[in-house]
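The next block holds one structure in the form of structure tokens; read it before the comments.
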Amino acid sequence: MVVDVTELRARARRHLGPHFTRKDTWESDFPVFVRGEGSYLIDTEGDRFLDGLAGLFCVNIGHGRDDIAKAASEQIGTLAYASNWGSAHIPAIEASALIADLAPGDLGTTFFVNSGSEAVETAVKFARQYHRSQGNPQRTKIISREMAYHGTTLGALSVTQLPKIKDPFGPLLPGVRSVPNTLGYLGDCGPANELDCIAAIEAVIEEEGAETIAAVFAEPVQNGRGALVPPDGYWAALRALCDKHGILLVSDEVICSFGRLGHWFGHGLTGVVPDMITFAKGSTSGYAPLGGLIVREQLVRELYDSPKGGVFTHGATWGGHPVSTAVAVANITAMRDENVLGNVSARGPKLKSALDSLMSSHRCVKDVRGTGFFYAIELMADSDSGREFTEQESLTVLRKVLPEAFARTKVILRGDDRGATMLMISPPLVADDEVLSELLHGIDSMLTDIEKAIQP
């Protein structure tokens, strides 16, 4: 296929609204992708780029799977659309049952939506309506952690704790409190219930009044601020705190679920069964839009059976779409049958070790965090002297050095400025040793570019 990429870019600039993209980036010679194969994307010029971010943390099973494309095609030809409003269809039933089999505890009921933001929005609404149905309408407040990203719809954005993306849209949902995240805590830090980050949550609960708090939102590994892995016992302490005060615990697993951490769900890492799980990205590996909220069956029964319940007053036209849920079944089944999570468990520690080694060979590496196939490299000017980037140096790294390095190395990653200057890494879960070696060589080269551009 012969295409005029210059004309395509011009049409995109005129007609296509980009997401989270700066004007100068949209005016540059950005790549236009036409095909995907395994861990790679191919552009209009035929160049292959290693997709080191798995799209946006979502293409878990890799690009170009004929079996998943076939599942979507067959479903379109059989039943392209039917709703889950007062009826059901086979793909949504199969997908929800498959997810229930994999989810921990009695998390057995899934409300399908279309994205991670909508999943978080659904969790907020369920928490509020659940408490109202149980005679506690005053329980409307939400607690979430500093620098956490929970989505962009107005309800989800209210739970998000990133001022830069919240400020343009205020005022947002009232009654959302921010508490410290787990930055700086790792491994065995002593009794988790004595950690400052847990004590701070209890302090906020006492300040607001436990009887007014609906839910606590947290990710098993927090994306915002750079792949924050919780210390031992942290999630158990969260669970105990929520149980003590009658607060619902929501595990936001839009990134973390379906294998990103080497487990189907965050429970595999934390050992804790939450009250709700939000998911999206990896459920279809990006082959179709799908998100969802998994809720403990007891909570669903209590809402439906209450005098003020009977119905969860929430829904969406495309929620549980037949094609998307058929794709989810094909994707999850293939991941299970091909032991994709085993690949993450086997290769994740080696990837982490290789990334850790970059700290000794590059002065611009301040820290490496993460687990499974989900990592962040925090950057600085000079680790030997402890000099951080100036604001201008950070902008240079994020807006010039890294984008040019991605284009040069043909390895796509993501520069991140949420609380620090970082490089986010999240390869497809099917990446083998050869792909990971290429990824690591690309990262090594990018770090060298940063050191050439920024003096100690």
Side-chain angles (χ1 to χ4, degrees), residues 39 52-54 56-61 102 104 116 145 147-149 181-189 192 195 197 218-238 251-274 277-282 335 339-359 365-379 413-414 416 418-420 422-433 435-436 439-440 443:
S39 297
L53 203 65
L56 280 172
F57 312 97
C58 60
V59 188
N60 288 5
I61 205 167
L102 299 172
R145 302 184 296 181
M147 304 305 296
Y149 175 81
N181 56 44
T182 60
L183 181 66
Y185 298 97
L186 187 65
D188 184 2
C189 301
L195 297 179
C197 52
E219 300 157 271
V221 174
Q222 183 172 316
N223 178 30
R225 198 51 184 87
L228 302 180
V229 179
D232 296 346
Y234 174 83
W235 269 82
L238 271 187
S251 182
D252 183 356
E253 304 190 21
V254 169
I255 287 177
C256 294
S257 59
F258 297 102
R260 180 58 49 191
L261 308 182
H263 308 281
W264 288 111
F265 293 100
H267 171 267
L269 176 72
T270 69
V272 168
V273 178
I277 294 174
T278 60
F279 69 86
K281 301 177 182 291
M335 289 179 64
N339 193 26
V340 171
L341 274 62
N343 186 59
V344 178
S345 297
R347 291 188 164 94
K350 300 174 185 176
L351 176 58
K352 176 64 163 62
S353 178
L355 292 171
D356 284 341
S357 70
L358 297 173
M359 294 182 67
V365 177
K366 180 177 182 178
D367 195 13
V368 174
R369 295 186 295 272
T371 187
F373 271 22
F374 181 30
Y375 295 95
I377 298 178
E378 186 169 340
L379 303 167
L413 298 172
R414 176 182 176 180
D416 197 318
R418 293 173 295 182
M422 297 176 289
L423 186 61
M424 303 302 297
I425 302 158
S426 171
L429 306 189
V430 294
D432 57 17
D433 288 344
V435 169
L436 294 178
L439 172 68
L440 289 162
I443 294 169

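- Qualifying side chain to side chain donor-acceptor pair (under 3.5 Å) partners for N181, counting only residues two or more places apart in sequence or in other chains: none.
- Within the 3.5 Å criterion, the main-chain N or O of D432 finds no donor-acceptor partner in the side chain of N343.
- For F373, there are no ring-ring contact (aromatic ring centres under 6.0 Å, His included) partners two or more places apart in sequence or in a different chain.
- For residues 252-274, the set of pairs meeting the salt bridge (Lys or Arg N to Asp or Glu O under 4.0 Å) definition, not counting sequence neighbours, is empty.
- By the side chain to side chain donor-acceptor pair (under 3.5 Å) test, E219 is found to be paired with no residue, residues two or more places apart in sequence or in another chain being considered.
- Shown here are the ring-ring contact (aromatic ring centres under 6.0 Å, His included) partners of Y375, two or more places apart in sequence or in another chain: there are none.
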Step by step, work out the side chain to side chain contact (heavy atoms under 4.5 Å, CB included) result for T270 and Y234. CA-CA 8 Å; T270 69; Y234 174 83; over 6 Å; no

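- Side chains of P104 and I277 form a contact here, defined as non-hydrogen atoms less than 4.5 Å apart.
- With sequence neighbours left out, the ring-ring contact (aromatic ring centres under 6.0 Å, His included) criterion links F258 to F265, F279.
- Residues meeting the salt bridge (charged side-chain N to carboxylate O under 4.0 Å, His left out) test with D188, sequence neighbours left out: none.
- Taking all atoms of both residues into account, the shortest heavy-atom contact from R225 to A420 is NH1-CB, 3.4 Å.
- Remark: Y185 engages no residue in a ring-ring contact (aromatic ring centres under 6.0 Å, His included) (not counting sequence neighbours).
- When all heavy atoms of A227 and M424 are compared, the closest pair comes out as N-CE, 4.3 Å.
- In plain terms, the two heavy atoms of T182 and P230 that are nearest each other are OG1-CA, 4.1 Å.
- The line from OH of Y149 to CD1 of I255 is 9.0 Å long, rounded to the nearest 0.5 Å.
- Atom CD1 of residue I377 and atom CE of residue M422 lie 11.5 Å apart, to the nearest 0.5 angstrom.
- Side-chain contact between L355 and L440: present, with at least one pair of heavy atoms (C-beta onward) separated by less than 4.5 Å.
- Of all heavy-atom pairs between A192 and G233, the closest is CB-O, 3.1 Å.
- Across all non-hydrogen atoms, the minimal contact from V272 to A236 is CG2-N, 3.5 Å.
- Under the 4.5 Å side-chain criterion, counting only non-hydrogen atoms from C-beta, V368 is not in contact with L358.
- Checked against salt bridge (charged side-chain N to carboxylate O under 4.0 Å, His left out), R369 has the following partners two or more places apart in sequence or in another chain: D367, E378.
- Among residues two or more places apart in sequence or in another chain, the side chain to side chain contact (heavy atoms under 4.5 Å, CB included) test is passed with T371 by V221, V229, L261.
- Separation of atoms OG (S345) and CG (N339) is listed at 8.0 Å; rounding is to 0.5 Å.
- Scored by the side chain to side chain donor-acceptor pair (under 3.5 Å) test, R414 finds no partners at all (sequence neighbours excluded).
- Heavy-atom minimum distance, P220 versus C256: CD-SG, 4.1 Å.
- A 4.5 Å side-chain heavy-atom check between Q222 and L183 finds every atom pair outside the cut-off.
- The salt bridge (charged side-chain N to carboxylate O under 4.0 Å, His left out) test applied to D356 returns K352, not counting sequence neighbours.
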